[in-house]
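Each chain gets a letter, A, B and so on, in the order its sequence line appears, and its residues count up from 1.
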Protein chains: 2
Amino acid sequence: MAKPKLADVARVAGVSPTTVSRVLNSRGYLSQETREKVYEAMREINYRPNAIARSLQEQKTHLIGLVFPTVSNPFYGELAYRIESKLADAGYKVILCNSEDHPELEARYLDMLMGNQVDGLVTGAHSDVLALAPHLEAPLVTIDRINGGGYPNIRCDNFTGALQATESLIATGVRRIVHFTSTVSEQNLRQQGYSKAMSAAGLEPEIVELGFRSSDGEHRQTINNFLDSEPTVEAVFASNDGYAAMALQWAYVRGKKVPEDFSVIGFDGTPAVRSLLPQLATVVQPFELMAERTVQLLLAAIDGAGSKRTDSDPSEDSPADHNLPVELYLGQTVKAQSNAE
Amino acid sequence: MAKPKLADVARVAGVSPTTVSRVLNSRGYLSQETREKVYEAMREINYRPNAIARSLQEQKTHLIGLVFPTVSNPFYGELAYRIESKLADAGYKVILCNSEDHPELEARYLDMLMGNQVDGLVTGAHSDVLALAPHLEAPLVTIDRINGGGYPNIRCDNFTGALQATESLIATGVRRIVHFTSTVSEQNLRQQGYSKAMSAAGLEPEIVELGFRSSDGEHRQTINNFLDSEPTVEAVFASNDGYAAMALQWAYVRGKKVPEDFSVIGFDGTPAVRSLLPQLATVVQPFELMAERTVQLLLAAIDGAGSKRTDSDPSEDSPADHNLPVELYLGQTVKAQSNAE
DNA sequence: CTGAAAGCGCTAACAG
DNA sequence: CTGTTAGCGCTTTCAG
């Protein structure tokens, strides 16, 4: 007793395969009678349509490739969860790919996904395989990356978030505020926001690069060393909550009073981190909105089929760029704002 | 110029489709010459085999369904990452499903996955749709669940982990140790380990149920209320690091000295939590090993095709049950062991 | 060593 | 309102 196929249903119901297909897809006119006969037969033999065969015929798989560095990182885990859920609601399935920020792996995944005829792609990976990729045949939405291929990009307002975070620190009266970030670059909007706020207040930006590819332990080491050697640092704005947690931990271990003697504010504010470290001040990303927009854009592109890339002036922000609003959460690692002014 | 198909390669190379298929799968004898002609043609028209068509023909999709409550939870995110990576190495793709611990959603996902002809399933969901599921036609490996269907189950040694965690608390001299857990049950091995250690030390087990379906906020509320109303509690063993973090946070806010006046130990020890809260004592699960075993078992079942369920005496542990060793990490939230003895 | 033909399970013309 | 036929892109007998 192999898996029942559509033809089996047809036989049992005493109709043609076409008719079964019709009731399955409610296409065309069917008499109520045949329809019931068919449903009855399907139930009787416990029939389940073969999505693979359907995909082949319809030239549409309802498969979406999701390429993230790793869902073990709560930031991507959060997004993966929300995006998958929304896609599932719309009848799409997600193939998960953890590229580990490895260009090679990423390229391999992309290839695999195209081979699997995915209807669309979402990627939050960092390498720039995309730019090199000859041309994906499926619509692609990128998440939180420097827009390198003219693909629509969903991200939070990194600049404003960083600006406000830094300003909130400055407003408490601290002056020596250091920024920890993975990669220093003119393109880096969080870095820009930080620098802007510092300059505006007449303060000297001070940026410490932690290295994109180095390990967690190395990051912590660098942070500890830096803070140990620079005892007059009063506050830290970290480009993500992981680094912020490390700075915070440093302070606890060194017996610094937080926020009286040392302030910390991070970035991301995933529910996981918010729950684990509720005291940590951070810039909270709009995860739900980001997922919503991502799915919405992707499905629109799939339906519209064709306008994958935005053919706009590459010199300015692509109209497909989405800068979603962040929310500042001050927690207990930033002093109450001084009413100095 | 539609996507090139195998027939196109054949035409360009001046051979039959059969031959192209042969070189693609290196089956049978091919002259070096034709082989090169074919490769050349593939390159020329940028051919990529259609995995869907292949799946239909081969009756094998190389798709694995992964059903977890949500990868936004670092525990599942960590496992999802590791399992996906290993499966990818073996040439399998993962369809991600976040069931949110919703029996209905889970059932729907399972149905969808079968419709997509997945070659195998991994599930760490909690509801018992599986037991009800008529019969999955694909091999299934479950993760960290009470074994309700005779399916192979991968988990860490919950009992020993809990036992040792509790013992490590007792060894420091504290006597009133409370256990926070989501669901109280005789089946609950972490609870069992805790109770066993307490009884063995002549101490009274004290278990607080936080509710499986309630929200994070409610859990925190319950924990805070309990600890506020029971000021003589000296230590907490939480069934996961989330609860442990809440207890810890309570202590910080209340000004309790940790670990001098109040000790906390959790469970899971995901890298994410280890990094965010390095001071937190916890029972560390062997994620890599768990992923390895899961994949290994699943692939073996797929290859062996047939022996999906273990037909062993259901009264005792299924031979397919895997109790992987945990590692105790004492951090700084448990006192140094007193040398009382 | 290579090709022709059939078929995986389903849907889409086109008749009737 | 329903059935017949062809075909999605690939692999696989079975011949040659």
For DNA chain C, the residues among residues 29-39 of chain B that have a non-hydrogen atom under 4.0 Å from it:
Tyr29(B), Leu30(B), Ser31(B), Thr34(B)

According to salt bridge (charged side-chain N to carboxylate O under 4.0 Å, His left out), does anything in residues 25-46 of chain B pair up with another residue at least two apart or in another chain? List the pairs.
Glu40(B)-Arg43(B)

All salt bridge (charged side-chain N to carboxylate O under 4.0 Å, His left out) counterparts of Asp101(B), not counting sequence neighbours
none

Pairs flagged by ring pair (Phe, Tyr, Trp, His ring centres under 6.0 Å) wherever residues 39-64 of chain A is involved - sequence neighbours left out
His62(A)-Tyr92(A)

Non-neighbouring partners of Asn50(B) that pass side chain to side chain donor-acceptor pair (under 3.5 Å), sequence neighbours left out:
none

At what angle, to 10 degrees, do the two end axes of the helix from dC1(C)-dG16(D) to dG16(C)-dC1(D) meet, given five pairs define each axis?
40°

Base, sugar-phosphate or nothing for Thr18(B)? Non-hydrogen atoms, less than 4.0 Å.
base

Output all residues satisfying side chain to side chain contact (heavy atoms under 4.5 Å, CB included) with Thr61(A), sequence neighbours left out; order by chain, then residue number.
Ser55(A), Leu63(A), Gln117(A), Asp119(A), Ile52(B)

Let's see if you get this right: which residues in residues 9-16 of chain A place a heavy atom under 4.0 Å from DNA chain D?
Val15(A), Ser16(A)

Close N/O contacts between protein and nucleotides 14-16 of chain C (under 3.5 Å):
none

Sub-3.5 Å pairs of nitrogen or oxygen atoms, protein against nucleotides 6-9 of chain C:
| unit_1 | atom_1 | unit_2 | atom_2 | d |
| --- | --- | --- | --- | --- |
| dG7(C) | N2 | Gln57(B) | OE1 | 2.5 |
| dC8(C) | O3' | Gln59(B) | NE2 | 2.9 |
| dC8(C) | O2 | Gln57(B) | N | 3.4 |
| dC8(C) | O2 | Gln57(B) | OE1 | 3.4 |
| dG9(C) | OP2 | Lys5(A) | NZ | 2.4 |
| dG9(C) | N2 | Ala53(A) | O | 3.4 |

With a 4.0 Å cut-off (strictly under) to non-hydrogen atoms of chain A, the first and last hit nts on DNA chain D, 5' to 3', are dC1(D) to dG9(D)

Taking only Lys NZ, Arg NE, NH1 and NH2, and the carboxylate oxygens of Asp or Glu, determine whether Asp111(B) and Arg108(B) approach each other closer than 4.0 Å.
no

What pairs of donor and acceptor atoms, side-chain ones from residues 285-295 of chain B against any protein atom, are under 3.5 angstrom apart with sequence neighbours left out?
| unit_1 | atom_1 | unit_2 | atom_2 | d |
| --- | --- | --- | --- | --- |
| Gln285(B) | NE2 | Asp268(B) | OD1 | 2.9 |
| Glu288(B) | OE1 | Arg82(B) | NE | 2.8 |
| Glu288(B) | OE1 | Arg82(B) | NH2 | 3.4 |
| Glu288(B) | OE2 | Lys86(B) | NZ | 2.6 |
| Arg293(B) | NH1 | His322(B) | ND1 | 3.3 |
| Thr294(B) | OG1 | Met290(B) | O | 2.6 |

